[in-house]
Amino acid sequence: MSIKAFVHLNRRIYPVVSPVFTLSRTTSATVISSRIPASFAVEAVPTAPYTTGVEGRVDYDGDRSNESRYRQVAESAKRVCEIIIARPRWESSLLSHFSPSVLFHPTCVCQVLRLLSSKNLMLSLRYLLWLSSHPDAPPADPETSASLLYALADMRAWKAALLAIRTMKCQPDSRALESFLLRLIVNERCARDVMVEAIALVSTHLTHYSVPLSIWNSSLSSSLRSKRTDLVWRLYESMMQAGVSGDASTAGYLIQAFCIENKLDDAYRLLREVSMKGLIPDAISITKLIAEFSKDGNFGKVSELLHLMIAGGCMPDIFTYQSIIQGLCENGKVHDGFRIFNNLKLRGYDPDLVTYTTMIDGLCKTGKMVVAWNLWLEMIGKGLKPNAYAYNVIINGYCKARDLSRAQNLYNEMGSAGLSESIMSCNTMIAGLCMEGRMEEALNMSEEMPNKGIEPDVITYNTLIQGFCNEGNTTEAKKLYRKLFSMGLKPSVSTYTPLIWTLCNEGNVLDAVELIKCMKEENLEPLVCSNDFVVDGFCKVGKVEEAMAWLVNMLENNLKPKKGTINKLLVCLSKNHIVDDLLLVLNNLFKLGYTLDMSVCYLLVDRLCRDTQTQSTLQVEEILLNK
DNA sequence: CTAGGGTTAG
């Protein structure tokens, strides 16, 4: 496009081309014009030609007509562009080619920006930066600023756009800023950090524009979607600084942020506070808080919030009830959950697929497979098509109920329904096979997974390892343990627990201890019961001292051994006539609030009475008294 | 896109 055409286009779209002729004359002075230094108003343009004598300098003749002045400035702008494009380090020399009155003429600035942004956005940014280092330089007019900002937004050059705004030489009007911010918020690919930075920048830098509440709320919502509560708080802080007070939606977003950070008390306090003022956040936010309290088993708060919702005219919906049912099921109150579920239907709510799935899962987990199956049929009867979640729940139920044939039937049915297998469904079936001791089939299934495009994960390996350990097949279990590493996976505590158990069981206590060492090196803390296994194991192979040492270590680390472990150790100590340790352990047994097994008690009394060296009738009495 | 919820080992 030729310069002329550009200029022409410019005039057509923006009838007021040259701020120099308009801004200073606008009767209702726009906010923009008031920000343009007075020296750039038309009256201030020097009337006498520049006579500094620098060669090639273009000057400005104040006596010419407006039209010719305009043409001259336009001509200069064109030359400024040529220089900027042609010379790598134009910044240092531009002022020696043009007089400031021309170079910093508002029309010139706008034209240069427009010409540059049509050719090279990077150069227009550099030009803005250069302008910003000259306090006398005027900002571009709102239209030019807007089109530059849009051009940058088109290229998703968000950071560059922010830089442009920060120069203070790019000052689009409110509408342009708003649509820019909206694009920034809606754009999924852009970093949320930039969004927050932009909003904060715009609200603090551009005093002519106040960010509307809708933008604050949208950006809060956007930050929440990516779980970026840090951004939520930053936004809220900027919002407060801007003097904008939030509405019910804002409160809802903050409540959600508190929920994500598990600060339930803060969320609750905020909800109470705003609802007192008559602001009732949306059902989503309150439901999320209810869901958290429900998961925590804090049903007092759940019912309180339900009342608050209803009183505020925000009716709990199926999502709310689903989260309550889930919480009840997870906290051993499946029966109550089921009651609410059935009441829901009576009260005209239609439980959806997720609610059915939650309820069926709760019933399955408590072994109520008949009820679960009836609910499954009811769900299908209502025309709800089970998805992968639903299938996995019921399949898992039958696996745990050791009804593998029904589980497999459902698994096949799921496939026929066009629902593809997943890591979840595979792991579930593998666990079912392991539970039944069908290790070969389980292993086969795991080996088939990659052919289906599913890579076994640490859960797959843990399940298989546990399966083999339960069978006492340590060799296979160890093989899988090594395979896990070779597949680039990281073991978890659950990888080790069954291995330690089986090694201790078969008397390989030292190998078990070695594994515990490995765990610590991987920053994994063994379960307390793994220590019990080790003490048991040492007792089993007759290494009483080692068993004793390990138990003492547990006690020193505040790890509570099981009652059975201590009783077994007592038997072991008494068989080996280690009376002082025996008394020590006995003492600890009582301190931990445990009782002596009857059989162990008889054994100890018998041993202590026979032991001529101790003559400890007193101690025997003590034992009997404590019983 | 017009929200938000459910499944595997321990």
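The sequence lines fix the lettering, A, B, ..., with proteins before strands; numbering per chain opens at 1.
Residue A/Tyr253 contributes atom OH, which lies 11 Å from atom P of B/dA3 at whole-angstrom precision. As rounded to whole Å, 12 Å separates atom C1' of B/dA9 from atom CD1 of A/Ile423. The interatomic distance linking A/Tyr389 (OH) with B/dG6 (C1') rounds to 7 Å, in whole Å. Between the CD1 atom of A/Ile318 and the P atom of B/dA3 there is a distance of 16 Å, rounded to whole Å. Note: CG (A/Leu182) to C1' (B/dC1) measures 14 Å, nearest angstrom. Straight-line distance from the CG atom of A/Asn187 to the C1' atom of B/dC1: 13 Å, rounded to whole Å. Spacing between atom OH of A/Tyr496 and atom P of B/dG10 amounts to 17 Å, rounded to whole angstrom units. Atom CG in A/Leu305 sits about 16 Å away from atom C1' in B/dG4, given to the nearest Å.
Checking B/dG6, B/dA9, B/dT7 against every side-chain atom of A/Thr358, the shortest atom distance belongs to B/dG6. Of the candidate nucleotides B/dA9, B/dG4, B/dT8, B/dT8 has the atom lying nearest to any side-chain atom of A/Thr428. Closest approach to the A/Thr287 side chain among B/dG4, B/dG6, B/dA9 is made by B/dG4 (side chain taken as heavy atoms from C-beta onward). Closest contact between the side chain of A/Asn462 and the listed nucleotides B/dG6, B/dA9, B/dT7 involves B/dA9. Considering only the side chain of A/Lys365, B/dT7 comes nearest among B/dT7, B/dG6, B/dG4. Across B/dA9, B/dG5, B/dT7, the shortest atom-to-atom separation from the side chain of A/Lys400 is found for B/dA9. Comparing atom distances between the A/Ala431 side chain and each of B/dG4, B/dG6, B/dA9 picks out B/dA9 as nearest.
Looking at heavy-atom distances under 4.0 Å, A/Asp457 makes no contact with the nucleic acid at all. The residue A/Ile395 sits apart from the nucleic acid: no heavy atom pair falls under 4.0 Å. Here A/Ala291 lies out of heavy-atom contact (under 4.0 Å) with every strand. Residue contacts for A/Gln322: at a heavy-atom cut-off of 4.0 Å it reaches a base atom on one of the strands shown.
With A/Ser238 contributing its side chain and A/Ala200 its backbone, the two residues share no donor-acceptor pair below 3.5 Å.
Defined by atom type and a distance below 3.5 Å, a donor-acceptor pair is present between the side-chain atoms of A/Asn505 and A/Lys540. A donor-acceptor pair shorter than 3.5 Å cannot be found between the side chains of A/Thr358 and A/Gln326. Counting only N and O atoms by type, the side chains of A/Asn427 and A/Asp457 include a donor and acceptor under 3.5 Å apart. Side-chain N/O atoms of A/Tyr411 and A/Glu421 include a donor and acceptor closer than 3.5 Å.
For B/dG4, its base never sits under 3.5 Å from the side chain of A/Asp282 at any donor and acceptor pair. A/Asp352 contributes a side-chain N or O that forms a donor-acceptor pair with the base of B/dG5 under 3.5 Å. In terms of polar N and O atoms assigned as donor or acceptor, the side chain of A/Asp317 comes within less than 3.5 Å of the base of B/dG4 in a complementary pairing. Donor-acceptor pairing under 3.5 Å, judged by distance alone, is present between the side chain of A/Thr355 and the base of B/dG5. The base of B/dG6 lies close enough to the side chain of A/Thr357 for a donor and an acceptor atom to sit less than 3.5 Å apart.
Stacking of the aromatic ring of A/Phe319 onto the base of B/dG5 is not found under the criterion of centres within 5.5 Å and planes under 30°.
Ionic pairing of A/Glu436 and A/Arg438 is not present here: no N-O contact between side-chain nitrogen and carboxylate oxygen is shorter than 4.0 angstrom.
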